[in-house]
Engineer: 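My structure is below; once you've seen it, I'll send some questions.
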Amino acid sequence: MDAFQRFKEDIEAAVGAALRELKVETPVVLERPPTGMGDLAFPCFPLSKKLRKAPDAVAKDIASRIEPHGMIEKVETSGGYVNFRVVFESLAQGAVESALRRKDRYGTPDEGKESRVLVEHTSVNPTGPIHVGRARNPIIGDTLARILRLAGYDVTTEFYVNDVGRQVVMMTWGVKHIALEQEPERPKDDYRYVLHYQQANKKLEDHPELEKEVDDMLYRLEHGDPDTVKLTKENCEKVLAGVMDSLRGLNIDVDGFTWESRFVADGSVDRIIEKLKKSEYCHEQDGAYYLELESFGIAGRETKWFFTRSDGTSVYTTRDLAYHMDKFTRTDVAINILGEDHKLAMQELAAALTIMGVDKKPEIVYYAFVSLPEGKMSTRKGLVVNLDDLIDEAVDRAYDEVRKRRTDLSEERMREIARIVGIGSLRYNIARIQAEKQIVFKWEDALNFEGSSAPFVQYAHARACSILAKAGDWTRAFDSNQYQNEQEKELVKLIAGFPAVVADCAEHRKTHVLAVYMQDLAAQFNQFYRYVPVLKAEGDARNARLALVEASMWTLRNALNCFGIKAPEEM
RNA sequence: GGGCGCGUGGCCUAGUCAGGAUAUGGCACUUGCCUCCUAAGCAAGUGGUCAAGGGUUCGAAUCCCUUCGCGCCCGCCA
């Protein structure tokens, strides 16, 4: 168990015992007091009423029953709070040693979690390149998966490929029947095929009589015509390869792909349809079947959820239902990263799972859309920023910054650092914001390299590496009594808090909380760097400070790694 | 019409789940700091009716109600 957790549990036990003596029952909720008032606090206001005593008197009463022991150095009261001070030397010894020993696993609990977690993210339609609006999904998904891994879960990531439905047929029809008159923006299949897709849409608008050809193709696809299935899948694969290529540019990959068509082909969709038809919620209208979901909390003009069309074929969410039932045979926890436009569909899916007798439900992380200052991103209106363009721009801007600062590096090294900094900057600027908040994409925010940004953290890491590189030989055994000034102590406390932050983010499926922590840690390291000499210190103090620098380095690096951001040793 | 989410200094943002001590950081702006481990840094300053109103409470950015603004959704599309 990490040192800070021991401190917390010591307090919880002591306060719990005191409360039993006072014959009151209340959960022991601790909070962080303002600086200078201890390390954890127990507010007594809720107890004030129960005991009919002033909060401060309650606090004094509780404090009088607790003797410093274990990780508790001091118990004080102030204005209705019982404030606890940690035994700093124990905390420091425990946390810094742990970071030096666990290295890139610092932040992981000693005992791993048993549960398997499947994070489904991205899952964009394979009909064209990925744009910035949609890129929020892989960034949140990949970051969350990395946090969960560090928190000790057995994590798999997956991309669900929508290779069924009208859009992919439209694209395939376009590839087959339309010759491109313009060059794609980039020599990549996702850019090439999206032109076929767009032109197919246009052609059908102008020539509605061709609609039947597309309908026929859709029919053949849904009824498993081998040639159509093969052709469609090949096209999707090509576009998908282009999309994944873009994502790898952001240091994002997935462990596997699941193709939607699989659930049509293997009969699982049909079995689900047959079972749903027998449900008491099922009704039929013009040959199409739906569930009446009003009793499942679905509100609005329409509470019917159609799970078949009148020709008997399935709709998207029906196939998604099959996918989720398949998921739950492979995982304990399913987490989906989805745009907020999927909320209703997921409510319907959850209701359908209940009706199917499945007691598990996917957990959904919803994110709001990224828009441009000019308005909503729209491929039709040409109002999009493609992810590839954003990456290129970020790396170019970062390259200019590197050049400005470093004249001693090789061209190759500068390019390498620019890539690390530029991409880190992008990822951080998405992951640092609560998923449910809308983002208006602005170049100056996305390419901000100072203040609250990835380069700020990367810079702190590079500084730590620089010190360690110049340190020569030093012994990893250190004495935590050497940490005497405030900058060192604050830094130690932040490092000690890292495992708890990782656990909290993992538990609540949040990425932005870790972003805030990482920023604080880097800021504190920079203060330490400014005020506390390391290499010029002597003897035990030098040794202890080097240990602290290395612990900082691992913590910064592990936090950056959670965001898929590389930690350069120089920049 | 109904459902869901968001609203915190000029701009971005933490805190909201679990009410509690002086509302967190950043950008921008003003001003200092490189004979000292990388100034992508550090320090100081200006700037707030926590959308508005009401309620609950000893205490509300946080909980409840109403209103306003923005986003998303309410298809036999995906």
Side-chain angles (χ1 to χ4, degrees), chain A residues 27 29 31 33-34 37 41 43-46 48-49 54-55 78-81 83 125 127 162 164-168 260 285-290 297-304 306-317 319-320 339-345 347 366 368-369 371 376 398 401-402 404-406 421 425 429 432-440 442 444-445 448-460 462-471 508 512-513 515-517 519-520 522-523 525-527 529-537 545 549 570-571:
Chain A
V29 179
E31 55 185 79
M37 310 199 78
C44 300
F45 304 92
S48 168
K49 197 170 224 176
S78 169
Y81 291 88
N83 293 327
N125 285 323
T127 50
N162 310 129
V164 178
R166 198 172 180 84
Q167 342 191 29
V168 290
E260 184 177 359
Q285 183 180 312
D286 304 329
Y289 290 85
Y290 66 91
I298 308 271
R301 286 195 187 104
E302 201 49 88
T303 55
K304 296 170 183 173
F306 280 88
F307 60 94
T308 76
R309 304 191 185 110
S310 49
D311 66 0
T313 55
S314 60
V315 298
Y316 175 80
T317 308
R319 298 186 293 269
D320 207 16
E340 60 181 344
D341 54 332
H342 283 74
K343 279 184 184 178
L344 178 60
Q347 264 187 291
Y366 292 108
F369 289 114
S371 60
K376 219 174 135 175
E401 296 297 320
V402 180
K404 250 192 258 173
R405 292 160 222 269
R406 300 294 294 263
V421 167
S425 204
N429 268 291
R432 61 182 259 264
I433 294 172
Q434 278 184 44
E436 54 273 19
K437 289 212 186 196
Q438 294 155 230
I439 297 180
V440 178
K442 298 196 186 91
E444 62 265 36
D445 292 342
N448 168 32
F449 294 154
E450 51 189 31
S452 180
S453 70
F456 178 90
V457 182
Q458 290 171 317
Y459 189 66
R463 282 176 147 183
C465 289
S466 172
I467 292 175
L468 294 170
K470 289 177 182 164
H508 293 102
H512 73 278
V513 175
V516 172
Y517 168 85
Q519 205 65 41
D520 289 347
F525 182 81
N526 281 329
Q527 285 176 42
Y529 183 90
R530 165 71 179 75
Y531 292 106
V532 184
V534 177
L535 297 177
K536 284 184 183 164
R545 285 172 189 175
V549 171
E570 60 177 352
M571 59 188 278

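Protein chains get the first letters and strands the later ones, always in sequence-line order, with residue 1 at the start of each. Basis for what follows: all heavy atoms, side chains included, without hydrogens, waters or symmetry-related copies. If you're wondering where the values come from, they're calculated on a predicted model, not measured in any experiment.
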Engineer: Heavy atoms under 4.0 Å, any strand shown: does A:Glu444 hit a base, just sugar-phosphate, or nothing?
Structural biologist: nothing
Engineer: Measure from the side-chain heavy atoms of A:Gln438 and tell me the nearest of B:rC58, B:rA28, B:rG71.
Structural biologist: B:rG71
Engineer: Quick one: which of B:rC27, B:rA21, B:rA14 gets closest to the side chain of A:Glu450?
Structural biologist: B:rC27
Engineer: Need one value for A:Pro27: base, sugar-phosphate or nothing, where a base atom within 4.0 Å counts as base even if backbone is also close, heavy atoms only.
Structural biologist: nothing
Engineer: Does B:rC50 have a Watson-Crick or wobble mate here (both distances under 3.5 Å), and if so which one?
Structural biologist: none
Engineer: When all nucleic acid strands are considered with a 4.0 Å heavy-atom cut-off, which category describes A:Asn429: base, sugar-phosphate, or nothing?
Structural biologist: nothing
Engineer: Contact class for A:Val440 vs. all strands (heavy atom < 4.0 Å): base, sugar-phosphate, or nothing?
Structural biologist: nothing
Engineer: Work out how far the P atom of B:rC68 is from that of B:rG19, and round it to whole angstrom.
Structural biologist: 29 Å
Engineer: Students often get this wrong, so: under 4.0 angstrom with heavy atoms, is A:Ala462 touching a base, only sugar-phosphate, or nothing?
Structural biologist: base
Engineer: Round to a whole Å and report the spacing from CG of A:Leu344 to P of B:rG5.
Structural biologist: 14 Å
Engineer: Of the nucleotides B:rC76, B:rG7, B:rC42, which one has an atom closest to the side chain of A:Lys437?
Structural biologist: B:rG7
Engineer: Can you measure A:Glu260 atom CD to B:rC77 atom C1' for me and round it to whole angstrom units?
Structural biologist: 12 Å
Engineer: Classify A:Pro33 by what it touches in the nucleic acid, base, sugar-phosphate, or nothing, heavy-atom distance under 4.0 Å.
Structural biologist: base
Engineer: To the nearest angstrom, how far is A:Glu436 atom CD from B:rC4 atom P?
Structural biologist: 15 Å
Engineer: Under a 3.5 Å cut-off for both distances, is B:rC68 Watson-Crick or wobble paired, and to whom?
Structural biologist: B:rG7
Engineer: Run A:Val421 and A:Val402 through side-chain contact (heavy atoms from CB on, under 4.5 Å) and show every step you take.
Structural biologist: CA-CA 9 Å; A:Val421 167; A:Val402 180; 5.5 Å; no
Engineer: With a 4.0 Å cut-off on heavy atoms, is A:Tyr531 in touch with a base, just the backbone sugar-phosphate, or nothing at all?
Structural biologist: sugar-phosphate
Engineer: Spell out yes or no: do the side chain of A:Asp311 and the base of B:rC76 have one donor N/O and one acceptor N/O closer than 3.5 Å?
Structural biologist: no
Engineer: Do any side-chain nitrogens or oxygens of A:Arg405 fall under 4.0 Å of OP1 or OP2 in B:rA40?
Structural biologist: yes
Engineer: Using a 4.0 Å heavy-atom cut-off across all strands, classify A:Gln458 as base, sugar-phosphate, or nothing.
Structural biologist: nothing
Engineer: Counting heavy atoms from C-beta on, name the nucleotide in B:rA21, B:rA78, B:rC37 closest to the side chain of A:Ser466.
Structural biologist: B:rC37
Engineer: Whole angstroms only, please: what is the NE2-C1' distance between A:His512 and B:rU24?
Structural biologist: 12 Å
Engineer: Tell me the interatomic distance from A:Ile433, atom CD1, to B:rG7, atom C1', rounded to whole angstroms.
Structural biologist: 14 Å
Engineer: Would you classify B:rC34 as syn or anti? Syn applies when the glycosidic angle is within 90° of 0.
Structural biologist: syn
Engineer: Is any side-chain heavy atom of A:Arg545 closer than 4.5 Å to one of A:Pro533?
Structural biologist: yes
Engineer: What integer number of Å spans the C1' atoms of B:rA51 and B:rA28?
Structural biologist: 24 Å
Engineer: Have A:Asn526 and A:Arg463 got a donor and an acceptor in their side chains that come within less than 3.5 Å?
Structural biologist: yes
Engineer: If the C1' atom of B:rC77 is compared with that of B:rC12, how far apart are they to the nearest Å?
Structural biologist: 36 Å
Engineer: Name the nucleic acid region contacted by A:Val532, choosing base, sugar-phosphate or nothing; use a 4.0 angstrom heavy-atom cut-off, strictly under.
Structural biologist: base
Engineer: Scan A:Phe456 against the nucleic acid and name what it touches under 4.0 Å (heavy atoms): base, sugar-phosphate only, or nothing.
Structural biologist: sugar-phosphate
Engineer: In whole angstroms, how far is the C1' atom of B:rA28 from the CG atom of A:Asn448?
Structural biologist: 11 Å
Engineer: May I ask you to say what A:Ala460 touches in the nucleic acid, namely base, sugar-phosphate or nothing, with a heavy-atom cut-off under 4.0 Å?
Structural biologist: nothing
Engineer: Report the nucleotide, chosen from B:rA18, B:rC76, B:rG2, that has the shortest atom-to-atom distance to any side-chain atom of A:Ser310.
Structural biologist: B:rC76
Engineer: Applying the Watson-Crick and G-U wobble criteria at under 3.5 Å, what pairs with B:rC63? Answer none if nothing qualifies.
Structural biologist: B:rG55
Engineer: I'd like the C1' distance from B:rC6 over to B:rU13, given in whole Å.
Structural biologist: 14 Å
Engineer: Under 4.0 angstrom, heavy atoms only, what part of the nucleic acid is A:Val549 near: base, sugar-phosphate, or nothing?
Structural biologist: nothing
Engineer: Using a 3.5 Å distance criterion without hydrogens, assess whether the side chain of A:Thr308 forms a donor-acceptor pair with backbone atoms of A:Tyr289.
Structural biologist: yes
Engineer: Choosing from B:rA14, B:rA18, B:rC37, which nucleotide comes nearest the side chain of A:Val516?
Structural biologist: B:rA14
Engineer: Would you measure the distance from the C1' atom in B:rA18 across to the matching atom in B:rA61 and give it in whole Å?
Structural biologist: 15 Å
Engineer: Counting any heavy atom closer than 4.0 Å, what does A:Arg545 reach on the DNA or RNA strands: base, sugar-phosphate only, or nothing?
Structural biologist: nothing
Engineer: Could you work out which one of B:rC76, B:rA78, B:rU16 sits closest to the side chain of A:Tyr316?
Structural biologist: B:rA78
Engineer: Given B:rG3, is OP1 or OP2 found less than 4.0 Å from the side-chain N or O atoms of A:Gln347?
Structural biologist: no
Engineer: Scan every strand shown for a Watson-Crick or G-U wobble partner of B:rC17, both distances under 3.5 Å, and answer none if you come up empty.
Structural biologist: none
Engineer: If I pick the P atom on B:rG55 and the same atom on B:rU62, what distance separates them, to the nearest angstrom?
Structural biologist: 14 Å
Engineer: Counting just side-chain N and O atoms, does A:Arg530 come under 4.0 Å of either OP1 or OP2 of B:rC33?
Structural biologist: no
Engineer: Taking donor-acceptor contacts at under 3.5 Å, does the side chain of A:Asn526 reach the base of B:rA39?
Structural biologist: no
Engineer: Heavy atoms under 4.0 Å, any strand shown: does A:Thr313 hit a base, just sugar-phosphate, or nothing?
Structural biologist: nothing
Engineer: Taking only the C1' atom of each, what is the distance from B:rA14 to B:rG53 in whole angstrom?
Structural biologist: 26 Å
Engineer: Considering only atom P, compute the distance from B:rA39 to B:rU24 and round it to an integer number of Å.
Structural biologist: 29 Å
Engineer: Whole Å only: how far is the NZ atom of A:Lys442 from the P atom of B:rA28?
Structural biologist: 14 Å
Engineer: Judged by atom type as modelled, is there a donor-acceptor pair below 3.5 Å linking the side chain of A:Asn448 to the main-chain atoms of A:Glu450?
Structural biologist: yes
Engineer: Across all strands, who's sitting opposite B:rU22 as a Watson-Crick or G-U wobble pair, both distances under 3.5 Å?
Structural biologist: none
Engineer: Report the distance from atom NZ of A:Lys442 to atom CG of A:Asn429, rounding to the nearest 0.5 Å.
Structural biologist: 11.5 Å
Engineer: Mind checking who B:rG41 pairs with, Watson-Crick or G-U wobble, both distances under 3.5 Å?
Structural biologist: B:rC33
Engineer: How close or far is atom C1' of B:rG41 from atom CZ of A:Arg463, stated in whole angstroms?
Structural biologist: 4 Å
Engineer: In Å, rounded to the nearest 0.5 Å, how long is the span from CZ of A:Phe306 to CD of A:Gln285?
Structural biologist: 4.0 Å
Engineer: Nearest of B:rC74, B:rA43, B:rA21 to any side-chain atom of A:Gln527?
Structural biologist: B:rA43
Engineer: B:rC74, B:rG15, B:rA21: which one has an atom nearest the side-chain heavy atoms of A:Arg301?
Structural biologist: B:rC74
Engineer: Where the side chain of A:Arg309 meets the backbone of A:Val315, is there a donor-acceptor pair that is under 3.5 Å apart?
Structural biologist: no
Engineer: If every non-hydrogen atom of A:Pro43 is compared with every non-hydrogen atom of A:Glu31, which pair is closest and at what distance?
Structural biologist: CG-OE1, 3.3 Å
Engineer: Can you identify which nucleotide, out of B:rC72, B:rA78, B:rA40, has its nearest atom closest to the A:Lys376 side chain?
Structural biologist: B:rC72
